[in-house]
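Labels below follow one simple rule: chain letters A, B, ... track the order of the sequence lines, proteins then strands, and each chain is numbered from 1.
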Amino acid sequence: GNSVTQMEGPVTLSEEAFLTINCTYTATGYPSLFWYVQYPGEGLQLLLKATKADDKGSNKGFEATYRKETTSFHLEKGSVQVSDSAVYFCALRDFGNEKLTFGTGTRLTIIP
Amino acid sequence: SAVISQKPSRDICQRGTSLTIQCQVDSQVTMMFWYRQQPGQSLTLIATANQGSEATYESGFVIDKFPISRPNLTFSTLTVSNMSPEDSSIYLCSTASGGQGETQYFGPGTRLLVL
């Protein structure tokens with residue numbers, strides 16, 4: 001079956017530090033990959049997505065590249081801000097199936 | 001993008017009672033999903049609700065415990081029946097209109113505490 005493994009949290013960084021949150025996946029077909037973010041007290045929001053190998057999703061300074069050879073979709077940001085503090089979820093959706101499979105989530109805290 | 005609202009936003013319930021959560025979408029959507037997010041954990045899919053047919057439940061979830069209605073293309077309800085403290089979670093509905101890479105949108109969630 002499908003599964004998503006992401007970096008265990010929590011992660012604490014100083015403002016302007018470089019961020020990487022690792023995500024690897026197992027899927028039987030050709031999945032689309034997603035990063036969702038959940039800010040404190042709010043619902044889940046789509047951060048970025050990629051639908052095929054070598055695609056790069058980007059939004060709000062965050063990037064992730066769909067790497068089929070390493071089955072990975074790591075989230076990166078060059079300079080984090082306090083406002084990036086949230087829980088980040090990696091997810092996949094297999095081709096022909098609308099169901100999302102989520103990773104366990106990574107709580108990120110940015111300190112000034 | 002789809003805008004999704006849920007009612008109630010939060011509730012505190014007594015053991016043994018039932019709660020019905022409503023999900024309203026501002027546009028017609030093919031599929032709606034119900035997820036559970038237990039404290040400190042990731043999201044787990046409970047069931048998929050298509051209009052005009054019975055919901056499809058994931059392993060570990062049954063209709064008697066989580067009955068779902070989908071009377072039209074913009075609305076769905078999830079009932080959490082005969083609640084116990086283990087049902088304390090955030091319940092989220094989500095929508096998709098089909099197609100590879102189609103974005104799924106999530107409601108703000110219903111925070112449920114069972115005493």
Please round to the nearest 0.5 Å and tell me the distance separating atom NZ of Lys99(A) and atom OG1 of Thr56(B). 10.0 Å

Side chain from CB out, backbone as N, CA, C, O: work out which of these in Leu46(A) comes under 4.5 Å of a heavy atom of chain B, or both, or neither. side chain

Does Gln81(A), at its CD atom, have more than 12 non-hydrogen atoms belonging to other residues, nucleotides or ligands within less than 6.0 Å? yes

Donor-acceptor pair, Ser42(B) side chain versus Gly105(A) backbone, under 3.5 Å? no

Do other residues, nucleotides or ligands put more than 12 heavy atoms under 6.0 Å from Glu15(A) CD? yes

Is there a side chain to side chain contact (heavy atoms under 4.5 Å, CB included) between Leu43(B) and Phe89(A) once you walk through the steps? CA-CA 9 Å; Leu43(B) 284 78; Phe89(A) 293 94; 4.1 Å; yes

Within one Ile-Leu-Val-Met-Phe-Trp-Tyr cluster: Tyr35(B) and Ile90(B), side-chain cutoff 4.5 Å: yes

Any chance you could measure Ser94(B), atom OG, to Leu100(A), atom CG, to the nearest 0.5 Å? 6.5 Å

Minimum-distance pair of heavy atoms, taken over all atoms of Tyr36(A) and Gln104(B): OH-O, 3.0 Å

Same cluster or not: Trp35(A) versus Phe62(A), using hydrophobic residues (I, L, V, M, F, W, Y) connected whenever any side-chain heavy atoms lie under 4.5 Å apart? yes

When rounded to the nearest 0.5 Å, the distance separating CD of Gln45(A) from CZ of Phe106(B) is 11.5 Å

Find the one option among Gln41(B), Glu58(B), Arg111(B) whose heavy-atom pairs under 4.5 Å with chain A are most numerous. Glu58(B)

